[in-house]
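The analysis underlying the following values was restricted to heavy atoms, covering all of them including side chains, and did not include hydrogens, waters or symmetry mates. Below, chain A is the first sequence line, B the second, and so on; all start at residue 1.
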Number of protein chains: 2
Amino acid sequence: MNERRGPTETVLMDAVARRHYLRGESKVEIAGALGISRFKVARLLDDALACGVVRIDILSPPGLDAELSERLRRAYGLRYAIVVPGEAEGRSAVAQAAADLLLEVLTPADVLGLPWSRSVSDVVNRLTTLPAIPVVQLCGGLVLAGEEGSSSDVVRRAARIAGGPNHVFYAPLILDDAESAGALRRLASVRDALAHVPTVTVAIMGVGAWVPGGSTVCDAVSDRTRAEVASTGVVGEMGGVLFDAGGRPVDSELSARIVAITGAQLRAIPNVIAVAHGAAKVTAIDAAVRGGLVHSLVTTAATATALLAGAPLPSTN
Amino acid sequence: MNERRGPTETVLMDAVARRHYLRGESKVEIAGALGISRFKVARLLDDALACGVVRIDILSPPGLDAELSERLRRAYGLRYAIVVPGEAEGRSAVAQAAADLLLEVLTPADVLGLPWSRSVSDVVNRLTTLPAIPVVQLCGGLVLAGEEGSSSDVVRRAARIAGGPNHVFYAPLILDDAESAGALRRLASVRDALAHVPTVTVAIMGVGAWVPGGSTVCDAVSDRTRAEVASTGVVGEMGGVLFDAGGRPVDSELSARIVAITGAQLRAIPNVIAVAHGAAKVTAIDAAVRGGLVHSLVTTAATATALLAGAPLPSTN
DNA sequence: GCTGCGTCTGCTCAGATGAGCGAGTATCTT
DNA sequence: AAGATACTCGCTCATCTGAGCAGACGCAGC
């Protein structure tokens with residue numbers, strides 16, 4: 001980084017830098033045109049870079065924190081990690097990013113799996129097009145007061161957009177007892193739909209935390225049940241599958257009352273894309289990813305930062 | 001320039017661009033680290049450049065207009081062309097640039113030639129160091145009222161800074177008649193100094209225009225003499241040498257009254273650096289350069305632009 | 001479903017490039 | 001003035017890189 005440089009050298013450096021970086025000429029070309037050796041050209045360019053005459057900016061694309069995404073991906077060994085800036089306005093940005101990701105990742109050979117979930121519904125609402133692939137429903141629906149109807153139709157809506165075959169059913173996610181749940185599972189429509197679960201190659205799912213307000217499942221059960229489940233080590237839930245801090249599916253009494261894919265089936269899906277953010281969910285997301293239930297993650301910068309704070313540092317390469 | 005791009009691709013592009021442009025990793029390296037082909041890396045980088053994710057700025061160094069310098073150099077086939085921004089504040093900036101250029105260009109094998117000149121005095125005032133080389137005075141001095149003494153000492157000051165041998169003399173530049181001038185030229189001190197002129201390899205000189213106020217020589221002679229000289233086609237003056245619009249030295253009656261190097265001697269100096277600017281001097285500068293009296297030029301942006309307006313366009317390469 | 005078209009991917013090979021070396025030269029010290 | 005030191009320059013050789021090409025894949029029309 002030679003600070004002292006004569007005006008001739010400076011003018012030369014500028015000319016070389018312009019030709020190389022703006023006009024795209026090769027160093028050999030420049031050397032020939034200016035009558036200097038290609039080594040001199042290379043050294044001038046190095047100096048120009050070192051002393052700030054040439055400035056290169058990488059602009060993070062709008063609506064995406066590429067650097068955090070990459071760090072998160074490396075830290076967890078994720079297939080894809082997409083981080084949108086901020087946290088407050090995360091809801092729609094995350095959904096949009098997830099929809100884009102889905103569109104990018106899906107091939108005509110894939111089979112898409114979808115659970116009932118508010119987050120997933122948001123994602124599907126952002127989809128305008130999809131390959132003509134089969135769509136498989138992964139679990140029953142929870143209809144909350146005030147938004148019955150449309151939101152339980154996530155899978156049908158996705159299937160309509162795709163135009164491919166759909167394997168959907170009408171059934172609640174949680175029953176009052178194991179017997180009712182069993183009966184539903186034996187119902188032809190349910191059984192036929194769930195029979196296609198092993199063919200699913202890509203699923204997009206929300207992640208719930210096992211705390212009040214952290215998951216629709218958690219909120220839907222009694223205080224007593226919630227406590228019982230918590231005492232078995234459950235920290236989170238995905239599409240009706242409960243899992244502990246190690247991301248291991250946990251079978252509890254509640255599991256028997258749920259109409260959804262099994263933990264083993266979830267784990268067998270090759271590419272599970274999780275869409276989740278919020279401070280309350282950090283532990284659950286961390287567990288799901290570490291446990292291998294999730295292969296790709298779409299989240300907010302705040303959540304990603306919190307995850308990285310507890311995650312192993314990225315390797316150096 | 002593929003505008004549509006999924007988030008994964010975008011994140012990848014960002015990562016690749018960061019590694020390549022900011023960390024300086026080779027494309028092969030990046031390809032290996034990210035598990036993609038080097039061709040993909042190259043294409044991502046091309047796209048990143050094309051769609052503005054990577055932005056490269058060439059910052060013109062402060063106090064120097066590199067682009068104009070280069071254009072001026074090409075247009076006139078100059079060895080060195082240095083253009084400082086603006087025109088108003090040109091005086092000191094030009095002097096500084098010339099001093100820097102001199103320092104950069106001079107080698108211990110050179111012999112420096114200097115005329116009396118206000119511009120050259122400014123340049124020497126900016127010099128703090130010089131190689132230990134001989135310094136040769138090129139012409140007699142004109143002492144203006146109010147600044148006698150120091151300013152005629154240009155050559156001595158330069159020699160003191162250099163620390164090498166000096167070949168200086170005390171004599172006025174213009175005498176009242178040819179006889180007085182001849183006598184002075186025969187004076188031992190003058191003759192000995194001028195005998196070294198053929199050894200001069202680098203000279204730094206001002207350029208005067210043959211209009212009132214355009215040159216100290218022009219201002220020092222009578223109106224009648226000025227008109228006579230003008231009628232012989234003289235447009236400018238350098239260190240006592242008068243020249244016409246083609247840059248050809250002109251011998252007039254005035255020439256015989258001047259104690260200075262001859263036009264032939266001036267032309268024989270391998271590298272004459274001219275320091276000159278101002279709208280009035282454009283014609284004179286143009287003539288001197290085209291005539292081959294000047295090989296390098298230090299000037300202002302306004303003057304350079306005016307010169308370029310009348311000069312042949314730069315060749316394309 | 002089959003075929004043509006446009007796009008994307010990775011390959012070959014020639015030319016471009018970087019790391020390190022040794023010679024020549026300027027600068028500093030004694 | 002002479003030697004030591006630091007610097008710049010251009011070279012060689014191994015590696016990297018770009019242009020163009022061929023095959024694979026997805027898409028639209030019959």
Asker: Calculate the interatomic distance between B/Phe39 atom CZ and D/dT17 atom P; express it in whole Å.
Answerer: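 Result: 11 Å.
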
Asker: Are OP1 or OP2 of C/dT9 and a side-chain N or O of B/Ser37 less than 4.0 angstrom apart?
Answerer: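 No, outside the criterion.
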
Asker: Short question: side chain of B/Ser69, backbone of B/Val83 - any donor-acceptor pair under 3.5 Å?
Answerer: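 Such a contact is found between B/Ser69 side chain and B/Val83 backbone.
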
Asker: Quick check against the 3.5 Å criterion: does A/Glu29 have a side-chain atom that pairs as donor or acceptor with the backbone of A/Ser26?
Answerer: yes

Asker: Output the rounded distance in Å from CG (A/Asp110) to P (D/dG26).
Answerer: 11 Å

Asker: For A/Pro108, report the nucleic acid contact type (base, sugar-phosphate, nothing); a contact means any heavy atom under 4.0 Å.
Answerer: sugar-phosphate

Asker: Let me know the distance between CD1 of A/Ile30 and C1' of C/dA16, rounded to the nearest Å.
Answerer: 12 Å

Asker: Give a yes or no on whether a salt bridge exists between B/Asp14 and B/Arg18, defined as a side-chain N under 4.0 angstrom from a carboxylate O.
Answerer: yes

Asker: B/Asp47 has an atom CG; how far is it from atom C1' of C/dT7, in whole Å?
Answerer: 13 Å

Asker: Counting distance alone, no hydrogens or angles: does the base of C/dG18 have a donor or acceptor under 3.5 Å from a partner atom on the side chain of A/Arg43?
Answerer: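 Flag unset: no donor-acceptor pair detected.
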
Asker: Whole angstroms only, please: what is the CZ-P distance between A/Arg38 and D/dC11?
Answerer: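 Distance, rounded to whole Å: 9 Å.
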
Asker: Send over the distance from A/Asp46 CG to C/dG20 C1', rounded to a whole Å.
Answerer: 14 Å

Asker: Could you give the CG-to-P distance, from B/Leu45 to D/dA19, as a whole number of Å?
Answerer: 13 Å

Asker: What is the separation between atom CE on A/Met13 and atom P on D/dT8, rounded to the nearest whole Å?
Answerer: 12 Å

Asker: Is B/Ser26 close enough to D/dT17 that one of its side-chain N or O atoms is under 4.0 Å from OP1 or OP2 there?
Answerer: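 For D/dT17, OP1/OP2 do have a side-chain N/O of B/Ser26 under 4.0 Å.
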
Asker: Toward the 5' end of DNA chain D, which comes first, B/Lys27 or A/Pro131, by nearest nucleotide?
Answerer: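 With B/Lys27 and A/Pro131 compared, the 5'-side residue is B/Lys27.
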
Asker: Assess the residue pair A/Asn271 and A/Arg79 against the criterion (side-chain contact (heavy atoms from CB on, under 4.5 Å)); give the C-alpha distance rounded to whole Å, side-chain angles, the decisive distance to 0.1 Å, and a yes or no.
Answerer: CA-CA 8 Å; A/Asn271 190 10; A/Arg79 186 157 338 170; 3.8 Å; yes

Asker: To the side chain of B/Lys40, which of C/dT17, C/dT9, D/dT17 is closest?
Answerer: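 That would be C/dT9.
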
Asker: The test is side-chain contact (heavy atoms from CB on, under 4.5 Å); show your working for A/Val202 and A/Leu102 and say whether it passes.
Answerer: CA-CA 9 Å; A/Val202 176; A/Leu102 199 58; 4.1 Å; yes

Asker: Would you mind telling me which residue lines up with the more 5' stretch of DNA chain C, A/Val28 or B/Glu9, judged by nearest nucleotide?
Answerer: B/Glu9

